[in-house]
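Below is one structure, written out as structure tokens, with a few remarks after it.
The figures that follow rest on heavy atoms only: side chains count, while hydrogens, waters and symmetry mates do not. In what follows, chains are A, B, ... by sequence order, proteins preceding strands, each numbered from 1.
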Amino acid sequence: MSESTNKQKEKILVTSALPYANGSIHLGHLVGYIQTDTWVRLQRMLGTECYFICGDDAHGTPVMLRAEAEGVTAETLIDKMRHQHLEDFKGFNIKFDYYHSTHSDENRELVIEIYQRLKKADLIEKRSIEQLYDPKRKMFLPDRFIKGDCPKCHEPDQYGDGCEKCHTIYTPMDLINPFSTISGATPIIKKTEHLFFKLSTCEDTLKNWMQGNLGTFKQEKNKESKQPLQGESINKLDEWFESGLRDWDISRDAPYFGFPIPDEKDKFFYVWLDAPVGYMASFKKFCELTGKANFDDFWNADSPHKLYHFIGKDILYFHALFWPAVLSKANYRTPDKLFVHGFLTINGRKMSKSRGTFINARAYLDIKALNPEYLRYYYAAKLGNKSEDIDINLKDFVFRVNSNLVGKYANIASRTAGFIHKLFAGKLCRSLSNEASSLLQTFIDEAKTIENFYQQRQFNEAIRVIMNLADKANEYISDKKPWDISKKISLQADDNNQEDDKDRNKLHEICTVSINAFRLLTLFLKPVIPVIAEKVEKFLNIESLDWQQHSALLLNHKINKYKHLVSRIEDKHIDELIEVNRKAMNEITETSKKQTETSDATTISFEDFAKIDLRVAKIINAEHVEGADKLLKLTLDIGDVQKQVFAGIKSAYQPEQLIGRHTVMVANLAPRKMRFGVSEGMVLAAGPGGKDIWILQLDEGAKPGMKVQ
RNA sequence: CGUGAUGUAGCUUAAAGGAAAAGCACAAGCCUCAUAAGCUUGAGGAUAGUGGUUCGACUCCAUUCAUCACGUCCA
């Protein structure tokens with residue numbers, strides 16, 4: 001105790017990659033979050049001051065477009081997604097200290113501050129570039145929103161960066177018949193001014209950050225080096241250095257969902273500039289809300305504390321190049337470690353929607369038989385500290401969980417707890433003989449090894465050691481045959497007490513050792529399966545286990561009755577998962593189909609068009625609606641009937657301008673109850689909104705009620 | 001096409017130039033305390049192919065094949 005208090009206590013800030021607000025969490029995402037959570041839980045058990053911070057990555061074109069397609073504001077969408085993400089994380093027992101959003105005041109302030117510091121350091125430059133532009137949607141197009149025919153092999157429907165079929169690499173401008181996936185329009189090349197961060201000047205800074213990157217991968221294996229990156233990542237970075245660092249385009253033109261850039265017109269910060277700043281923002285909010293930590297202590301350039309980012313290998317580029325460069329040049333501290341993990345494959349292949357293996361977190365959680373901690377366990381059993389891809393083989397998953405968690409681990413308690421209650425009133429021995437405690441000593445001896453494996457994120461190794469111990473415990477029980485002794489006792493009944501006492505003690509001791517072995521295994525597994533561990537703590541009638549307690553034994557202590565702890569998985573549960581997931585996926589693709597159908601990009605059939613009953617309408621009355629900001633109440637004459645319609649055109653028209661005019665309305669639109677009354681249709685108007693709304697006007701002669709076709 | 005990574009038993013991984021290991025799955029036997037759990041034994045391998053360096057290669061080099069990732073402003 002005194003030794004550790006003298007040492008300066010290490011404080012760690014840990015982050016997981018921020019999930020993007022344009023999608024649900026799936027099993028692939030969970031690899032990173034479960035890895036981080038497991039690691040953080042170990043830190044907490046060790047008593048290390050460690051904060052686990054995350055949040056939603058909310059900005060960018062995809063979010064903007066999706067919000068539009070759903071007919072909601074971007075804010076509504078990201079709010080909904082954030083809650084959905086949080087629910088999924090909660091389901092898998094991922095426990096953040098704080099979970100924020102990049103669309104927050106804290107983040108805006110920090111981004112602007114960083115930007116201004118970079119600008120002051122003369123690291124921001126304005127340049128004119130040419131970009132593809134969608135003339136119909138009036139917006140610049142990211143590459144991924146352009147498709148066309150491959151210039152080489154003429155395969156249709158290829159993305160702007162390269163052909164999936166012949167693997168030719170090209171730019172979107174090379175595509176034959178390019179079209180915008182948003183509007184279908186042919187993109188045109190348009191000049192625009194963008195802001196660049198001069199990353200090309202940061203090579204020394206970055207190499208310095210990487211520190212002595214000459215060490216080889218093999219040297220790193222047993223000892224955590226001082227380098228912030230694993231060997232594979234260093235290779236990748238070297239590649240990037242070799243091809244030369246290019247300046248980084250950090251601005252995007254309106255329309256864009258993001259933070260406006262100060263002193264610029266219609267320019268926004270690119271989502272990847274503000275995303276990692278979200279780590280800071282989330283932590284800042286956490287500090288302000290809880291007062292548990294001091295933001296500056298952790299983020300100032302001379303911070304003594306550790307900053308670790310857990311990320312997937314797909315975003316190494318941002319975290320290993322831009323992020324340290326930006327931080328360093330803006331006079332903040334840089335990350336100490338980037339822990340990079342690989343992708344998840346399912347049954348050896350990429351997750352696939354058609355095979356039903358693109359499995360959402362929600363689908364898994366919806367199958368009650370699939371304990372979320374089984375997945376945590378499986379990931380832990382497979383995760384090493386390399387950035388290799390990991391595979392979840394669904395058959396292997398079932399076998400492994402059943403065999404390791406149910407057959408080996410839980411079984412140890414299950415097969416001995418009964419005796420403790422039947423014969424010893426639920427109480428463990430007062431003390432153990434040397435012979436009996438020797439098994440437990442081997443457990444205790446392995447604690448340091450296990451801790452180190454966890455620390456170095458070699459969870460697979462940690463699990464291997466733990467399961468070896470579980471095997472030892474089961475061997476011990478088989479060897480000692482407590483059931484034989486128990487029979488002897490019942491046969492002897494109240495015969496001769498001396499023999500009987502001896503046997504009773506022996507049996508008591510065997511069961512006490514087993515329960516203690518079980519307790520230690522639980523302690524070792526707790527970072528991986530925290531909720532199961534909690535149940536065990538209740539069963540053992542003990543306080544929450546921390547790592548220190550591995551050296552003590554549980555003696556002379558009353559435990560509770562053993563209750564069923566974990567259930568086996570059956571193949572049918574996996575089939576169910578695939579099925580549930582497939583259904584959910586179909587729904588998603590259908591709604592997204594519907595969304596594109598309603599957008600102006602796709603065509604509809606004549607039948608679809610014929611469903612819409614368009615009529616000439618005479619506006620016989622128009623009036624303001626009390627309490628409504630945008631609505632006017634219109635009374636429309638369409639020949640034989642009059643309809644009442646609430647139209648969102650107040651910003652562009654005064655009621656008196658409208659009365660008496662002829663326009664076109666959708667007459668068969670389902671009536672909709674609104675706050676101010678029932679609206680029985682829609683009038684047609686053009687324009688983006690605000691003052692720019694123009695309702696349709698008809699030439700002389702059209703009579704109310706005429707069908708428009 | 002280029003660059004990088006990976007390829008070991010049915011599955012998941014070890015072996016850092018010195019006898020190819022372990023767990024799960026499989027087979028046989030034992031056991032019955034436990035959720036058909038547990039224990040013992042066994043079978044299972046041209047280490048993707050070819051060529052080279054070496055007394056000796058899963059390991060180092062070259063090359064081929066397969067899979068994956070990345071490839072000038074999507075990052």
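Across all strands shown, B/rA27 forms a Watson-Crick or G-U wobble pair with B/rU41, both key distances being under 3.5 Å. The pairing partner recorded for B/rA21 is B/rU13, the criterion being a Watson-Crick or G-U wobble arrangement whose two distances lie under 3.5 angstrom. Checking B/rU47 for Watson-Crick or G-U wobble geometry (two distances, each under 3.5 Å) identifies no partner in any strand. Nucleotide B/rU32 is matched to nothing when pairs are restricted to Watson-Crick or G-U wobble geometry with both distances under 3.5 angstrom. With a cut-off of 3.5 Å on both pairing distances, B/rG56 has no Watson-Crick or G-U wobble partner at all. Base pairing analysis places B/rA66 opposite B/rU6; the two distances defining the Watson-Crick or G-U wobble pair are each below 3.5 Å.
At a cut-off of 3.5 Å, with distance as the only test, no side-chain donor of A/Thr102 or A/Asn107 sits close to an acceptor on the other residue.
The side chain of A/Ser478 has B/rG38 as its nearest neighbour among B/rU32, B/rA14, B/rG38. For A/Asp471, taking side-chain heavy atoms from C-beta onward, the closest of the listed nucleotides B/rC39, B/rC33, B/rU12 is B/rC39. The side chain of A/Lys382 lies closest to B/rU13, out of B/rU13, B/rU35, B/rC39.
Between the OH atom of A/Tyr476 and the C1' atom of B/rA34 there is a distance of 17 Å, given to the nearest Å. Look at CZ on A/Arg568: it is 8 Å from C1' on B/rA36, rounded to the nearest Å. Remark: P of B/rU35 and NZ of A/Lys563 are 16 Å apart, rounded to the nearest angstrom. Rounded to whole angstrom, the span from the CG atom of A/Asn474 across to the P atom of B/rC24 amounts to 11 Å.
Nucleotides of RNA chain B nearest to A/His564 and A/Lys313 differ in position, and the one nearer the 5' end is that of A/His564. Two residues, A/Glu239 and A/Asn393, neighbour RNA chain B, and the one matched to the more 5' nucleotide by heavy-atom proximity is A/Glu239.
Taking atom C1' in both B/rA48 and B/rC68, the straight-line distance is 16 Å, to the nearest Å.
Across all strands shown, A/Phe322 has heavy atoms under 4.0 Å from sugar-phosphate atoms exclusively, and none from any base. As judged by a 4.0 angstrom heavy-atom cut-off over every strand, A/Asn411 is placed among the base-contacting residues.
Checked for salt-bridge contact, A/Lys382 and A/Glu388 miss the test: no charged N lies under 4.0 Å from a carboxylate O. Ion pairing between A/Arg464 and A/Glu461 holds under the 4.0 Å rule for side-chain N and carboxylate O. We find that A/Asp249 and A/Arg127 are not joined by a salt bridge, their nearest charged nitrogen and carboxylate oxygen being 4.0 Å or further apart.
With its ring centre under 5.5 Å from that of the base six-membered ring and a plane angle below 30°, A/Trp483 counts as stacked on B/rC33.
Aromatic ring orientation, A/Trp248 versus A/Phe322: parallel (interplanar angle below 30°, classes split at 30° and 60°). Using cut-offs of 30° and 60° on the angle between ring planes, the pair A/His508 and A/Phe424 is parallel.
In terms of phosphate contacts, A/Lys487 brings a side-chain nitrogen or oxygen within less than 4.0 Å of OP1 or OP2 of B/rC33.
For residues 400-408 of chain A, proximity to RNA chain B is found at A/Arg400, A/Ser403, A/Val406, A/Gly407, A/Lys408, defined as any non-hydrogen atom under 4.0 angstrom from a strand atom.
Across every non-hydrogen atom of A/Val566 and A/Leu405, the tightest pair is CG2-O, 4.0 Å.
Residue pairs meeting the salt bridge (Lys or Arg N to Asp or Glu O under 4.0 Å) criterion with at least one partner in residues 408-419 of chain A, sequence neighbours excluded, are A/Lys408-A/Asp471.
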